[in-house]
Amino acid sequence: MTLLSLSHISKAYRDPGSDIIVPVLRDVTLNIEAGESVAIVGPSGCGKSTLLNLLGTLDIPDTGDFIFDGQSVSKCSVEMLAELRSEKIGFIFQLHHLMPQCTVLENVLLPTLALKNKPSADILKKRAEELLASVGLQDRLSWKPAQLSGGERQRVAVVRALINQPKLILADEPTGALDEKSAESLTSLLLDLQKSTGVSLVVVTHHPAQAARMGRVLTMNEGELVG
Ligand code: ADP
Ligand code: MG
């Protein structure tokens, strides 16, 4: 089953210095199936993060169609998009973006605040505790991000991305700030969770070895998908 499809998407930015319009994505067509894992690779500046932001509905394409889970994204209001994002999409970034003043458990529960149809606090807490246990952090619930290692912080970010039981996880260089061993184990974790939950996973990565472990590898160059 297809989770999302982009067809003939383009996106350009206006160069703030020269006022020239610079194309960033050109005629991108892409389907992502429910439950699949996809890597996006390509040189710096080729448009990977821009593409991921479009997939996450954080940004809107200039032209082309984007259907997410049967819904036409261009026809959605800002409110509908915010609802779609919080219910169906989990985000992981290169830097964990955890709230320093919040505990691990509180950080994981933050995305639930935006949910419209919210399960009870007890159910959410239990879900958070189970997910944290599944990534080996059951003893860290009341710790603060500063007290964790880099790899542990990224695992918290992974759990936070999963807390609302999304259909899609978007990860922009999630292993970019980790050493090789932590990078490898974070990729294993993402793939284990993708298999056990059936979530679709799209990962931008500079590590060829991590990319090769995904079900499919897409290569971008100068705003185009070239393979
Ligand atoms: P990648 O993630 O592959 O390194 P990006 O998608 O971040 O590439 O950026 C692609 C190109 O788009 C770059 O040339 C970047 O400078 C430009 N770009 C990205 N976001 C903006 C923006 N908000 N305004 C202007 N230019 C942008
Ligand atoms: Mg990028």
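Read the numbers this way: they start at 1 and go in the same order the structure lists the ligands and their atoms. All heavy atoms count here, side chains included; hydrogens, waters and symmetry mates do not. Worth saying up front: this structure is predicted, and the values here are computed from it rather than measured.
- Nearest protein neighbour of atom 13 (C) of ligand 1, counting heavy atoms only, is Gly45 O, 3.9 Å.
- The parts of Thr50 lying near ligand 1 are both backbone and side chain, judged by heavy-atom distances below 4.0 Å.
- Residue Ser44 places a heavy atom under 4.0 Å from ligand 1.
- The main-chain N or O of Val199 is never found under 3.5 Å from a side-chain atom of Glu36 such that the two would form a donor-acceptor pair.
- Residue-environment remark: CD (Gln147) exceeds the threshold of 12 foreign heavy atoms within 6.0 Å.
- When every heavy atom of Gln71 is checked against every heavy atom of Cys76, the shortest pair comes out as NE2-SG, 4.0 Å.
- Taking a 6.0 Å sphere around CG of Leu113, one finds it holds more than 12 heavy atoms contributed by other residues, nucleotides or ligands.
- In this structure, Ile32 CD1 and Leu6 CG are separated by 7.5 Å, a value rounded to the nearest 0.5 Å.
- Less than 4.0 angstrom separates atom 11 (C) of ligand 1 from at least one non-hydrogen atom of the protein.
- Annotation for ligand 1: atoms under 4.0 Å from non-hydrogen atoms of Ser49 are 1 (P), 2 (O), 6 (O), 7 (O).
- Taking a distance limit of 4.0 Å, we find that atom 4 (O) of ligand 1 is approached by some protein heavy atom.
- Regarding atom 8 (O) of ligand 1, its nearest protein heavy-atom neighbour is Gly47 N, 3.3 Å.
- Distance CD/Glu184 to CG/Asp179: 10.0 Å, rounded to 0.5 Å.
- The nearest protein atom to atom 21 (C) of ligand 1, hydrogens excluded, is given as Tyr13 CE1, 3.2 Å; this is a heavy-atom distance.
- The Mg ion (ligand 2) has no N, O or S atom of Ser44 under 2.8 Å away, backbone or side chain.
- Interatomic distance, CZ of Arg153 versus CG of Leu137, reported as 12.0 Å (0.5 Å rounding).
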